[in-house]
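All remarks here apply to the structure that follows.
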Amino acid sequence: MKKSIETLTPAVIKRYRVKPQEKIDLKRRDPGDSAIPDLKKKDEKRLIEGLNKKLAKLQNLLYAEHKHKVLIVLQGMDTSGKDSTIAHVFRGVNPQGVRVASFKVPTQQELDHDFLWRIHRQVPSKGEMVIFNRSHYEDVVAVRVHGLVEPAVWKARYDEINAFERMLAEEGALILKFFLFIDKDEQKKRLEERLDDPQKNWKFSSNDVKERARWPHYLKAYEDALNLTSTKWAPWFVVPSNRKWYRNLAVSLIIIEALTRLNMRYPKAEAGLQSIRII
């Protein structure tokens with residue numbers, strides 16, 4: 001198979017982007033799906049290497065132009081591969097212009113502020129790309145599933161999130177949100193791998209089993225978040241993630257297409273450089 005990136009991208013975007021106000025049913029989506037039927041794992045290495053190089057060039061442009069900001073949001077069930085996606089998709093980018101922000105259980109100081117306070121502190125500045133490993137969506141997903149706030153509180157947050165993201169977009173931020181979609185059988189397999197491999201034991205927590213029992217509740221919470229907060233300025237993409245290599249390709253293609261549309265340019269060079277001689 002020798003399809004170009006340009007050939008693959010439109011099918012991926014069309015298939016996985018959640019349209020504004022769309023009502024999707026995750027139970028009807030296939031986490032093992034492929035937008036390109038004849039794409040095989042053997043093609044992955046060649047394609048991902050090319051995508052890594054292209055993303056590195058675009059990220060360098062972003063940093064040099066110092067005009068746009070890029071926010072990548074990664075959400076998903078436990079073991080969906082947020083860390084792995086970061087490691088593979090962003091391999092080769094300049095760490096000077098890329099930052100990962102991970103959001104754990106809120107501290108007391110964070111709880112003393114509004115739910116977006118800790119998020120706003122981590123958003124990208126001009127020329128910067130920031131990857132959220134979990135995000136403000138925990139406050140309409142995990143908080144909801146665990147009953148940490150009243151329904152009236154988390155329901156109001158959908159509009160607050162949309163307004164927050166719109167403000168970021170109007171200030172020059174490109175926002176792309178990815179729900180890394182796996183099924184329950186795949187999660188079981190990945191949890192068992194963590195138990196069986198001593199080098200992966202550190203990744204396993206007994207709490208993972210408790211969270212797994214809440215699968216239907218998480219699925220419903222994510223459905224509502226996807227349906228109510230996928231907007232023109234901050235779209236969601238439901239990326240099938242049972243196959244890790246395909247997940248990486250799909251996420252890479254979507255990010256590269258969006259960055260390319262920014263039509264970035266290097267800053268103009270200082271006048272008279274042609275006459276300078278280094279001695």
Side-chain angles (χ1 to χ4, degrees), residues 1 3-18 31-36 39-63 68-103 122-124 127-135 137 173-182 186 190 203 234-262 264:
M1 175 192 169
K3 289 188 176 180
S4 67
I5 290 175
E6 290 72 20
T7 302
L8 297 171
T9 302
V12 170
I13 293 174
K14 181 179 181 181
R15 197 169 185 93
Y16 304 136
R17 181 168 181 161
V18 180
D33 179 58
S34 172
I36 310 99
L39 181 64
K40 305 296 182 183
K41 185 175 182 179
K42 62 182 178 62
D43 302 309
E44 183 260 350
K45 184 176 181 181
R46 172 180 60 82
L47 287 172
I48 201 68
E49 285 179 354
L51 293 170
N52 285 154
K53 290 176 182 178
K54 187 150 190 171
L55 182 57
K57 290 179 180 178
L58 288 165
Q59 183 263 321
N60 190 53
L61 261 174
L62 174 76
Y63 183 78
H68 301 280
K69 314 163 188 179
V70 177
L71 175 59
I72 308 295
V73 174
L74 299 179
Q75 288 284 154
M77 302 286 198
D78 290 337
T79 76
S80 60
K82 295 176 289 295
D83 292 343
S84 179
T85 299
I86 293 169
H88 288 85
V89 171
F90 298 94
R91 181 179 296 161
V93 298
N94 187 343
Q96 189 174 6
V98 179
R99 177 166 54 88
V100 177
S102 297
F103 295 94
Q122 297 289 354
V123 299
E128 187 180 32
M129 182 183 295
V130 174
I131 306 154
F132 280 3
N133 186 341
R134 298 189 187 273
S135 66
Y137 285 94
L174 168 67
I175 306 171
L176 300 171
K177 302 178 296 192
F178 298 93
F179 176 61
L180 308 181
F181 186 36
I182 60 172
E186 180 64 20
R190 294 181 186 185
K203 291 184 177 183
W236 274 106
F237 296 87
V238 179
V239 178
S241 300
N242 273 7
R243 293 180 294 171
K244 300 174 184 179
W245 61 271
Y246 182 74
R247 173 202 66 204
N248 297 337
L249 284 172
V251 171
S252 295
L253 287 169
I254 293 167
I255 293 174
I256 288 170
E257 190 274 343
L259 288 174
T260 301
R261 281 191 286 106
L262 294 178
M264 296 178 288

Output all residues satisfying salt bridge (Lys or Arg N to Asp or Glu O under 4.0 Å) with R17, sequence neighbours left out; order by chain, then residue number.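 R17 satisfies salt bridge (Lys or Arg N to Asp or Glu O under 4.0 Å) with no other residue.
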Which residues pass the salt bridge (Lys or Arg N to Asp or Glu O under 4.0 Å) test with R134, sequence neighbours left out?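 If we apply the salt bridge (Lys or Arg N to Asp or Glu O under 4.0 Å) test to R134, skipping adjacent residues, the hits are D78, E138.
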Could you tell me which residues satisfy side chain to side chain contact (heavy atoms under 4.5 Å, CB included) with [X], sequence neighbours excluded, listed by chain and number?
X: F103; result: A101, R118, I119, Q122, F132
X: N60; result: Y266
X: A234; result: E165, I175, K177, T231
X: T79; result: I182, Q187, R190, L191, R194

Please identify each residue that fulfils ring pair (Phe, Tyr, Trp, His ring centres under 6.0 Å) with F179, with sequence neighbours left out.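 F179: ring pair (Phe, Tyr, Trp, His ring centres under 6.0 Å) contacts with F181, Y222.
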Determine which pairs satisfy ring-ring contact (aromatic ring centres under 6.0 Å, His included) with at least one residue from residues 235-257, sequence neighbours left out, and list them in order.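 Those involving residues 235-257 are Y137-W236, F178-F237.
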Is it the case that the side chain of Q75 and the backbone of S135 share a donor-acceptor pair, with hydrogens and angles ignored and the cut-off at 3.5 Å?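 Yes, the answer is positive, given that a donor and an acceptor are paired below the 3.5 Å cut-off.
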For [X], check side chain to side chain donor-acceptor pair (under 3.5 Å) against everything at least two apart and list the hits.
X: E257; result: R261
X: D33; result: R15, Y16
X: S102; result: none

Regarding Q96 and Y63, is there a side-chain donor-to-acceptor distance under 3.5 Å anywhere?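 Per modelled atom types, Q96 and Y63 side chains form a pair under 3.5 Å.
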Sequence neighbours excluded, every pair satisfying salt bridge (charged side-chain N to carboxylate O under 4.0 Å, His left out) that has a member inside residues 81-95: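 Found none.
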